[in-house]
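Single-structure report; data block below.
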Amino acid sequence: MSSTVTKPSRASLHLQPADFESVPIIDLSKLHSSSILERQELAREIDQACTQVGFFYIKNHGIAEELINGVHEAAHRFFSLDDEEKMKLYVGKSQHFRGYSPLYGEKSSNPDLEDNALKNAPGALSEAFDIGYEVSGDLQKGSDSRLPVDNFGLHGDNQWPEESLIPGFRAMYLRYFAEALELSRALMRIFALALGQREDFFDSMVKFPGVTSRMLHYPPQPVQGQEIPGLAAHTDYECFTILSQDHVPALQVLNSRGEWVVAPPIPGTLIVNISDTLSFWSNKRFKSAIHRVANLSGEERYSIPFFFGVDYDSTISVLENQVSPGNPPCKEPFKAGEYVRWKLSQAYIGYGGEPAGIARTQTAI
Ligand SMILES: O=C(O)CCC(=O)C(=O)O
Ligand SMILES: [Fe+2]
């Protein structure tokens, strides 16, 4: 498929972006094939996309279009609530980085990654509603399942709007969350193959996964020609993200030539992007690609990323088969929850006399 390449920007070279001009499309029909040969074939295709781009579209992913439309409609309804109602769920009230972040509530620019014009932007031109893992959003859990004790303070309650305000909102979001979670567990098995491991390598680490999801609303740019980031340049930090975007193109991915490659919406697909943790496991062979959002379309834009990470108590350790004498491990072993906690705490920003808010994506890489 063809993507537009926008004007060059300074790349953050220590992250070694890959050389690509478009984002590949991968057909997931063979994800649940009974033939290991077919699953390995898919793993090879995914391996290529992870090493050459770090982003890929997935089609035939198994999540019903009707459910995806339903969760987008829920996002529209949520963001059209009064500010006062949304602020009742303000993320600063949560111990677990969950809830509502208002417009301009996130830091907008990263001096290393952004063009000069963006450095003085007032704040990210987006508002967000974040939820984290809860057992009612996990098809593998019963209602009596208890969350594990985690030492990182990341598991906990979500802040939901009153049911009477947006009837069915919570149920719809959790239905989508549950489907995305199952797809993610299946993808982890293919990633295991791509990394030369047994297919069940990650199975014991995805029992109570460190998953969060957010609904995002990007209003159009207030002034034509004035580029304000809807989300500044960043990498995601769990294993990977499954992103559902609406029909409005705005997502851009950085390549090794410092060009921002647009990843436009393609009907019937979702986007997967590799995040830091899986990149570390692969000794950075898989690219955790730098990306950003700029909504220059003149239309409202909505997107719903689903960030999939392993159980917080899992140890992430560069795989031995990804290391060679000339390519030593890029990182010492660490706990998934330790990394996520650190990233989230780093991302805290204060604004306008309000309590400290949280930027979900860390902007200073
Ligand atoms: O809205 C998008 O297209 C991307 C969102 C994103 O990158 C994020 O939330 O980390
Ligand atoms: Fe992201």
Side-chain angles (χ1 to χ4, degrees), residues 3-4 6 12 15 17 23 53-58 68 71-72 75-76 78-79 91 97-101 103 105-110 113-114 123-132 177 180 210-221 228-254 260-266 269-279 287-297 299-309 340 343-344 346-347 357-365:
S3 291
T4 321
T6 60
S12 177
L15 272 162
V23 174
V53 184
F55 265 70
F56 52 95
Y57 292 89
I58 50 174
I68 294 174
V71 77
H72 275 268
H76 286 219
F78 177 85
F79 289 116
V91 71
F97 310 103
R98 300 169 185 204
Y100 173 69
S101 306
L103 274 185
E106 295 193 9
K107 191 167 160 42
S108 74
S109 70
N110 178 331
L113 296 176
E114 290 289 5
L125 189 55
S126 58
E127 53 177 341
F129 174 66
D130 292 49
I131 61 167
F177 190 98
V211 178
T212 55
S213 177
R214 72 186 332 196
M215 291 173 163
L216 280 157
H217 169 219
Y218 303 88
Q221 300 276 310
I228 303 175
L231 212 54
H234 66 278
T235 60
D236 298 344
Y237 37 80
E238 288 90 352
C239 286
F240 58 86
T241 302
I242 297 177
L243 174 73
S244 172
Q245 41 177 346
D246 68 6
H247 63 285
V248 177
L251 174 63
Q252 307 174 359
V253 190
L254 191 65
W260 289 104
V261 177
V262 177
I266 300 179
T269 69
L270 297 165
I271 285 186
V272 173
N273 65 278
I274 298 301
S275 310
D276 295 350
T277 307
L278 201 56
S279 173
K287 304 293 181 230
S288 181
I290 298 168
H291 53 286
R292 69 178 188 185
V293 179
N295 180 10
L296 308 172
S297 67
E299 287 184 68
E300 308 287 327
R301 178 178 188 265
Y302 297 82
S303 73
I304 306 175
F306 176 88
F307 306 97
F308 183 81
V340 172
K343 286 292 208 180
L344 284 168
Q346 288 244 316
I358 178 72
R360 173 59 187 67
T361 44
Q362 192 228 9
T363 46
I365 298 165

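Here, residue 1 is the first one in the sequence, and each next residue gets the next number. Counting convention: from 1, in listed order, for ligands and their atoms alike.
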Are Phe240 and Phe308 close enough that their ring centers fall under 6.0 Å?
-> yes
Does [X] reach the main-chain N or O of [Y] with its side chain, forming a donor-acceptor pair under 3.5 Å?
| X | Y | result |
| --- | --- | --- |
| Ser288 | Asp276 | yes |
| Ser213 | Pro305 | yes |
| Arg214 | Ala128 | no |
| Ser297 | Glu299 | yes |
| Asp236 | Thr241 | no |
| Ser244 | Ile304 | no |

Residue list, side chain to side chain contact (heavy atoms under 4.5 Å, CB included) with Thr277, at least two apart or on another chain | Cys239, Trp281, Ile316, Tyr339
Check each heavy atom of Asp236 against ligand 1 and say whether those closer than 4.0 Å belong to the side chain, the backbone, both or neither.
-> side chain
Among the N/O/S atoms of Asp236, select the one at the shortest distance from the Fe ion (ligand 2) and name it.
-> OD1
How wide is the angle at the Fe ion (ligand 2) between NE2 of His291 and NE2 of His234, to the nearest 10°?
-> 90°
[X] neighbourhood, listing ligand 1 atoms whose heavy-atom distance to it stays under 4.0 Å:
| X | value |
| --- | --- |
| Pro305 | 9 (O) |
| Phe307 | 8 (C), 9 (O), 10 (O) |
| His291 | 7 (O) |
| Val293 | 1 (O), 2 (C), 3 (O), 4 (C) |
| Ser303 | 1 (O), 2 (C) |
| Leu231 | 5 (C), 6 (C), 7 (O), 8 (C), 9 (O) |
| Arg214 | 9 (O) |
| Leu216 | 1 (O), 5 (C), 9 (O) |

Option with minimal heavy-atom separation from atom 2 (C) of ligand 1, where the choices are Met215, Gln245, Arg301 = Arg301
Whether Arg292 lies under 4.0 Å from ligand 1, heavy atom | no
Which of these passes side-chain contact (heavy atoms from CB on, under 4.5 Å) with Trp260: Val253, Leu251, Ile290?
-> Ile290
